[in-house]
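What follows is a single structure, written as structure tokens, with notes after it.
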Amino acid sequence: MSFSKAISMVVMFSLFFEANASIKAEPTQTNTVNISASFEFQNLDLSRYGYVFTRMQVVETLLNIDRQGNLLPGLATDWQILEEGTHWRLSLRDGVVFHNDKTLTTAAVVKVLHNAVKHASVWRNVPVRVISSESDQYIDIFLNSPYQPLGAILAHHSSGIIDTESYDQESIETQLIGTGPYSAYKITPPYRLVVKKFDRYWGKKAAIPYARYLTGLRTEARMLQARSGKSDIIFDLDPIIIGTLQRQPNLNIMRSELPRTVAIKLNAEHPYLKDIKTRQALSLAIDRQGIAIAILRTPQSASAQLMPPSMGDWYLAETSMQQDMAKASELLTQQGWTKNRDGWLEKNEVRFEIDMLTYLLRPELAEVATVIQDQWKQLGIKLNIEIKHFSAIPIAHSNGSLETALISRSYGIIADPLTVLIDDFSTLQGSDWGSMNWANTSVQTLLKSLVTELDPVVYKQKAQQIAQVIYDEKPVIPIAYYVQQTAVSKRLNGFRFDPYERSYYLNELTWAQ
């Protein structure tokens with residue numbers, strides 16, 4: 001046998017071996033990045049659980065969001081706002097195929113958006129008149145009136161683009177055929193999702209063959225997975241265990257600021273909480289800096305306002321978060337509260353006693369509640385803490401039994417916080433995770449006007465006015481901004497965190513060796 005013929009046989013054998021290996025390939029510990037997080041998914045409904053599938057990069061949206069909340073191209077390469085804000089035209093990206101190798105078309109996008117308008121709550125206030133595609137290049141969205149947050153809604157997970165084969169006859173998702181760098185390999189609600197890299201992806205192709213998402217584990221279990229090396233990226237860690245994980249030689253700990261706020265939700269109709277001065281006194285009694293240092297382990301996260309600096313339109317330059325017990329006591333005395341011989345505040349022989357709900361899904365909340373309980377006790381207020389499932393808070397809001405609740409509220413659910421703020425503060429009823437029985441007519445008017453405001457300078461002026469009223473009247477009492485604690489295995493390179501939690505950027509990851 002000649003040397004050249006021998007080389008040819010070796011090459012052919014190698015190609016045959018590689019082809020068969022790819023056919024038989026399956027997820028293993030060595031070819032899979034394992035991710036642990038706290039949130040479960042019950043089904044494939046993008047309007048409710050689409051965040052799992054966008055984070056795992058199975059599903060993509062027409063527009064994306066940068067770290068500052070600005071719109072970026074996605075499956076649409078550019079967009080125009082026409083006819084005084086009542087017409088949005090998006091240009092569809094060429095060369096995109098679904099995971100079933102069908103070409104992405106404007107007709108498919110229009111069908112998905114129609115379905116989102118019918119089923120996704122984020123679309124319920126969008127004044128959609130018509131969504132159409134008159135050509136193979138453009139998608140046109142016509143509105144009855146301008147709607148400034150539409151771009152952020154097009155970047156929301158409920159607006160994810162999937163092939164029409166994903167739907168049954170009732171437009172319910174029965175499978176997920178997306179366009180991302182990973183395709184769905186095995187979906188096992190509510191705990192597990194395995195994805196496989198998609199070689200025909202239009203953008204940066206993934207280097208790691210598989211990724212596995214495991215959810216529903218308690219924070220202690222996630223810590224053990226991090227220590228043992230069974231998980232490579234572990235989200236939603238309790239700050240109290242970070243010190244232990246930092247000593248692990250196989251891990252890096254990443255701290256990332258989120259547009260999420262730890263805050264006290266108040267029933268402003270409660271007889272003890274009606275007066276603004278009472279709510280201001282409760283706020284003044286809180287040592288935010290101490291909480292941020294001792295419990296959240298991030299001193300810079302302490303704040304007395306809702307929005308972090310990254311949300312510049314809504315961030316107030318002049319606020320104070322200093323604890324002032326003397327001023328707090330003075331405000332309560334002005335309302336007729338006096339301390340009895342046991343040190344509790346009383347008025348008309350009735351003790352100042354209120355209840356606070358919180359939940360274990362974010363374990364640091366129970367610790368923060370305990371600190372607040374002690375600090376309000378110094379004022380003479382008895383606070384009773386109940387730790388329940390997080391669903392107890394919406395239930396108590398709905399039936400009117402809620403007095404106070406310690407919550408973690410995300411203002412980055414949609415990149416523009418306006419839609420969340422409208423839900424939370426524009427009506428007397430408020431929302432499950434916003435105000436309760438509080439309304440301010442100027443805030444209501446300003447929020448409504450911002451929906452159609454296209455001038456960025458005027459938009460910021462109005463946003464600042466709203467933020468100032470919320471800071472002054474305290475329908476909710478902010479404590480600190482939330483910081484995501486993530487453990488990342490040193491066997492990975494390229495990890496970065498998305499503050500809007502839209503993507504895990506799996507296609508940017510590589511093995512360290």
Side-chain angles (χ1 to χ4, degrees), residues 18-61 97-102 112 157-158 160-168 171-218 221-222 224-226 228-236 488-489 491-492 495 501-511:
E18 288 176 11
N20 278 274
S22 64
I23 292 170
K24 296 177 181 179
E26 59 182 26
T28 66
Q29 187 66 19
T30 57
N31 68 8
T32 304
V33 57
N34 292 289
I35 299 162
S36 294
S38 58
F39 292 97
E40 301 173 0
F41 62 102
Q42 298 298 324
N43 53 49
L44 309 187
D45 182 357
L46 292 183
S47 68
R48 297 187 64 191
Y49 304 108
Y51 59 86
V52 173
F53 304 104
T54 56
R55 291 175 188 178
M56 294 294 287
Q57 295 187 287
V58 174
V59 176
E60 298 181 294
T61 50
V97 294
F98 287 107
H99 297 147
N100 57 4
D101 293 329
K102 288 171 59 178
V112 171
H157 61 73
S158 61
I161 305 303
I162 54 179
D163 184 53
T164 53
E165 289 184 14
S166 301
Y167 298 116
D168 65 11
S171 293
I172 296 172
E173 293 94 329
T174 57
Q175 56 182 325
L176 283 182
I177 304 171
T179 60
Y182 282 89
S183 62
Y185 177 80
K186 187 173 184 180
I187 305 175
T188 315
Y191 302 120
R192 192 182 300 267
L193 168 66
V194 181
V195 298
K196 180 180 180 179
K197 73 173 182 175
F198 179 54
D199 290 331
R200 295 193 64 191
Y201 181 55
W202 60 267
K204 181 178 176 59
K205 294 177 174 57
I208 296 178
Y210 296 92
R212 180 184 292 109
Y213 178 84
L214 181 64
T215 183
L217 295 173
R218 293 176 63 89
R222 291 199 300 278
L224 292 174
Q225 287 211 325
S228 67
K230 291 183 178 178
S231 288
D232 299 300
I233 304 174
I234 305 93
F235 294 101
D236 309 319
V488 182
S489 170
R491 76 174 185 145
L492 287 175
F495 174 83
E501 299 182 278
R502 297 179 66 257
S503 175
Y504 291 150
Y505 301 118
L506 299 177
N507 62 326
E508 299 181 11
L509 296 174
T510 58
W511 298 124

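The environment of K205 atom NZ is dense: over 12 non-hydrogen atoms of other residues, nucleotides or ligands sit within 6.0 angstrom. More than 12 heavy atoms of other residues, nucleotides or ligands sit less than 6.0 Å from atom NZ of K102.
A donor-acceptor contact under 3.5 angstrom links the side chains of T61 and R502, judged on distance only. In this structure, a donor-acceptor pair under 3.5 Å is present between the side chains of S36 and Q225. No donor-acceptor contact under 3.5 angstrom links the side chains of E40 and T215, judged on distance only.
Between P27 and V194, the shortest heavy-atom contact is CG-CG1, 3.8 Å. When every heavy atom of I234 is checked against every heavy atom of D232, the shortest pair comes out as CD1-C, 4.1 Å. When all heavy atoms of L46 and F53 are compared, the closest pair comes out as CD2-CD1, 4.2 Å. When every heavy atom of N34 is checked against every heavy atom of Q29, the shortest pair comes out as ND2-OE1, 3.6 Å. When all heavy atoms of I162 and V112 are compared, the closest pair comes out as O-CG2, 3.1 Å.
Ring to ring, Y49 and F39 are not that close: their centroids are 6.0 angstrom or more apart. For F41 and Y191, the ring centers sit 6.0 Å or farther from each other. When ring centroids are compared, Y182 and F198 stay outside the 6.0 Å threshold.
The aromatic rings of F495 and F235 sit tilted relative to each other, their planes meeting at an angle between 30° and 60°.
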Can T28 and N31 be said to form a side-chain hydrogen bond (donor to acceptor under 3.5 Å, both in side chains), step by step? CA-CA 5 Å; T28 66; N31 68 8; 3.1 Å; yes
Are L492 and I233 close enough, and set up right, to give a side-chain contact (heavy atoms from CB on, under 4.5 Å), and what steps lead you there? CA-CA 9 Å; L492 287 175; I233 304 174; 3.8 Å; yes
Show the numbers, then the answer: is there a side-chain contact (heavy atoms from CB on, under 4.5 Å) between Q175 and I177? CA-CA 6 Å; Q175 56 182 325; I177 304 171; 3.8 Å; yes
Full working for side-chain contact (heavy atoms from CB on, under 4.5 Å) between I187 and L44: CA-CA 9 Å; I187 305 175; L44 309 187; 3.6 Å; yes
Hey, mind stepping through T174 and Y167 against side-chain contact (heavy atoms from CB on, under 4.5 Å) and telling me if it holds? CA-CA 6 Å; T174 57; Y167 298 116; over 6 Å; no
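With salt bridges taken as basic N to acidic carboxylate O contacts below 4.0 Å, one links D101 and R200.
Of the inter-residue distances, the one linking S503 atom OG with E60 atom CD reads 9.0 Å to the nearest 0.5 angstrom. Of the inter-residue distances, the one linking S166 atom OG with N100 atom CG reads 7.5 Å to the nearest 0.5 angstrom. Separating the CG atom in L509 from the CZ atom in R491 is a distance of 11.0 Å, to the nearest 0.5 Å. Of the inter-residue distances, the one linking Q57 atom CD with K204 atom NZ reads 11.0 Å to the nearest 0.5 angstrom.
Remark: of the listed residues R55, K186, R212, M56, M56 is the sole one forming a side-chain contact (heavy atoms from CB on, under 4.5 Å) with L193.
With sequence neighbours excluded, no residue forms a ring pair (Phe, Tyr, Trp, His ring centres under 6.0 Å) with Y201.
A heavy-atom distance below 4.5 Å is not found between the side chains of T179 and V59.
Of the possible polar contacts, none joining the N507 side chain to the P181 backbone as a donor-acceptor pair under 3.5 Å is found. Between the side chain of D236 and the main chain of S38, a donor-acceptor pair closer than 3.5 Å is present. Using modelled atom types, one side-chain atom of H99 and one backbone atom of G180 make a donor-acceptor pair closer than 3.5 Å.
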